[in-house]
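One-based numbering, in listed order, for ligands and for the atoms of each.
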Amino acid sequence: MKIIRVFPRRTKATPIDCLAYYGPPDLFAEADEVHISFTFTWDLAGAEWLVREWERIAPVRIGGPAVGEAGGDFEPGRYLKPGYVITSRGCPNRCWFCSVWKREGDVRELPVRDGWNVLDDNLLACSGTHINRVFAMLRRQKKIAGRRIQFTGGLEAARLEPWHVTLLRDLKPKQLFFAYDTPNDLEPLREAGEMLLSAGFTKASHALRCYVLVGYPRDTPESAEARLHEAIGAGFMPMAMLYRGQSGDRDPEWMRFQKMWARNTIVAAEMRKAEA
Ligand code: SF4
């Protein structure tokens, strides 16, 4: 059966094969079924139009995180570009701004497929057996295919244990992201920074990264900047992540702020200033 996958927008992570489309069909589109995948709730505004356009080609199915659909087993390359991998879904935490736990429920482990950029919601909440399996797969990716491993889904600092640090150190990932979303993330972040730096990670490599949530209700640029500096102080290169509610609306001032704190050259300069 020929299935076309449709994505409302192209991102770094969306597939680029000939059955992946962005927006409406072209003259050559031909399929038995069309699957439209919505990742972001704000893309749903154009959903009706997109469905109408594709219904002319084949029966349409709508899915994806934005429609509250829990993900199934991960199939490399289907809804994410090859290289991206999800080995578990869900999270035992209940962060107020996050939709993962509402959609996916508690963490559940999936069959481990190949990839080198790990996007799990909360890998460190998985069992030791699963984590070891994931690292074995990543070691193979590195050794056989020469891939540079990344953890861009975000690791939870509060769950980081010394044996995880050993696995991470031996893997020498290109980058691994933690998160500083709420005030109670700070202490675990500092402890994680200490563990990772004592294990041999360096600040200068910029491998230790941290998403810092900014622009949520009642946040101010001053306190957001203070949190970004706290992440630097904990040993991480921060990247601002702009809060977006259901509507996806963004304040232009906050957009400017976020852009600045997402530029590696600017953030690296801030880190050098902090070191001086
Ligand atoms: S720890 Fe991360 S994935 Fe889990 S609920 Fe909080 S923000 Fe969501």
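- Cation-pi geometry between Arg10 and Tyr22 is satisfied (NZ or CZ under 6.0 Å from the ring centre, within 45° of the ring normal).
- Annotation: ring-ring contact (aromatic ring centres under 6.0 Å, His included) contacts of Phe97 (sequence neighbours excluded): none.
- A side-chain donor from one of Glu109 and Ser127 sits under 3.5 Å from a side-chain acceptor of the other.
- Between the side chain of Arg190 and the backbone N or O of Glu230, no donor-acceptor pair lies under 3.5 Å.
- Nearest non-hydrogen protein atom to atom 2 (Fe) of ligand 1 is Asp121 O, 4.5 Å.
- Within a 4.0 Å radius of atom 5 (S) of ligand 1, the protein contributes at least one heavy atom.
- Shown in contact with Phe97 at under 4.0 Å from a heavy atom are these atoms of ligand 1, numbered in order with element: 7 (S).
- Under the 30°/60° scheme for interplanar angles, the aromatic rings of Phe40 and Trp42 are found to lie parallel.
- Taking the ring centroids of Tyr21 and Trp54, they lie under the 6.0 Å cut-off.
- Each protein N, O or S atom less than 2.8 Å from atom 6 (Fe) of ligand 1 was counted, giving 1.
- Between the side chain of Asp121 and the backbone N or O of Arg89, no donor-acceptor pair lies under 3.5 Å.
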